[in-house]
Amino acid sequence: MAITRWDPFREVVALQNRMNSLFGNLNNETESPLTTASFTPAVDVYEDEKKVVLKLEVPGIEEKDLDVRVENHTLTVKGERKFEKEEKEENFHRIERRYGSFVRSFTLPNTVDTDTVKADFDNGVLSIRLSKRAEAKPKQIKVNIGQKTLEGKSTSKAA
């Protein structure tokens, strides 16, 4: 009798493969690949002491097809990249670019002033700048330790 090593994930992987093939076949039968392809634009988020900046890559999307909203400390960006030409799918040798609509949502920290949102669109990059509130900006505080300050100067008077 051969000893086989038990792999706890083997059955899970097999089940996942079966489910993927089941739903993959249903999807291919009902819709064409051009209409099922969608995309999620890449985004860079960075922050400094004055603002939070988001940069989304949205090449091939016109400015009128973008919608930027802030509601309840949630920034939502919606857009759609439309298929350029009405040609039959069999005329193409390869289609790798993604078309369709997208939605990206970002929860904003409480330090952001949602009334001062600015958005710019340049060369396929959507830049969104969110200013921080004045009370959220860092300020340096002098720390006293015992009777001496951090600089090493004594704060007590000699008796």
Side-chain angles (χ1 to χ4, degrees), residues 9 12-13 15-17 19-20 22-24 26-28 30-87 89 91-157:
F9 298 108
V12 174
V13 170
L15 177 63
Q16 182 179 11
N17 288 338
M19 295 299 285
N20 287 342
L22 173 69
F23 288 113
L26 289 176
N27 192 22
N28 290 339
T30 58
E31 299 181 28
S32 71
L34 289 177
T35 59
T36 61
S38 64
F39 71 103
T40 303
V43 64
D44 293 337
V45 180
Y46 61 93
E47 171 180 12
D48 62 21
E49 61 273 351
K50 296 180 182 178
K51 65 187 175 303
V52 175
V53 179
L54 291 90
K55 290 189 174 187
L56 285 92
E57 289 184 355
V58 287
I61 297 178
E62 295 182 27
E63 191 175 352
K64 65 180 175 74
D65 293 329
L66 292 170
D67 181 24
V68 179
R69 296 175 187 238
V70 176
E71 187 176 353
N72 296 330
H73 279 286
T74 301
L75 171 71
T76 305
V77 180
K78 296 179 185 179
E80 182 178 6
R81 183 184 299 156
K82 297 177 181 171
F83 194 64
E84 296 166 352
K85 297 179 181 177
E86 291 293 325
E87 295 183 32
E89 149 184 0
N91 291 338
F92 287 96
H93 293 282
R94 188 176 194 100
I95 299 174
E96 291 186 352
R97 293 177 45 201
R98 301 290 182 149
Y99 298 93
S101 58
F102 71 89
V103 176
R104 294 287 312 253
S105 294
F106 306 92
T107 302
L108 301 175
N110 291 331
T111 58
V112 170
D113 183 9
T114 57
D115 295 331
T116 59
V117 178
K118 294 180 182 175
D120 296 318
F121 184 71
D122 187 35
N123 291 329
V125 177
L126 175 65
S127 298
I128 303 170
R129 289 182 310 283
L130 304 128
S131 299
K132 289 187 177 179
R133 298 175 194 218
E135 63 267 13
K137 294 179 183 169
K139 54 186 170 184
Q140 188 170 4
I141 299 170
K142 191 173 185 178
V143 178
N144 294 321
I145 302 173
Q147 293 186 8
K148 295 185 179 186
T149 63
L150 281 178
E151 287 88 26
K153 298 177 185 173
S154 177
T155 58
S156 63
K157 296 182 181 179

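No experiment lies behind these values; they were computed from the predicted model shown. Computed over heavy atoms, backbone and side chain alike; hydrogens, waters and symmetry mates excluded.
Shown here for F121 and I61, the closest heavy-atom pair between the two residues is CZ-O, 3.1 Å. Between E57 and P41, the closest heavy-atom pair is O-CB, 3.0 Å.
Residue S127 holds its OG atom at 9.5 Å from CG of L54, rounded to the nearest 0.5 Å. Expressed to the nearest 0.5 Å, how far CG of D115 lies from CZ of R133 amounts to 8.0 Å. Put simply, CG on L130 and NE2 on H73 are 11.0 Å apart, with the number rounded to the nearest 0.5 Å. Interatomic distance, L126 CG to R104 CZ, rounded to the nearest 0.5 Å: 12.0 Å. Here the CZ-OG1 distance, from R69 to T74, works out to 13.5 Å after rounding to the nearest 0.5 Å. For the atom pair T107 OG1 and N110 CG, the distance stands at 10.5 Å (nearest 0.5 Å).
Looking at T40 and F102, their side chains never come closer than 4.5 Å, going by heavy atoms from C-beta outward. Here the side chains of V77 and I128 are in contact, with some heavy-atom distance below 4.5 Å.
Proximity of a side-chain donor or acceptor of K132 to a complementary backbone N or O of D48 within less than 3.5 Å is detected.
Applying salt bridge (charged side-chain N to carboxylate O under 4.0 Å, His left out) to D65 and the options K82, R81, K78 leaves one that passes, K82.
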Would L108 and V70 count as a side chain to side chain contact (heavy atoms under 4.5 Å, CB included) here? Give the steps.
CA-CA 9 Å; L108 301 175; V70 176; 4.1 Å; yes
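One finds no salt bridge joining D120 and K118 here, because no Lys/Arg side-chain nitrogen approaches an Asp/Glu carboxylate oxygen to under 4.0 Å.
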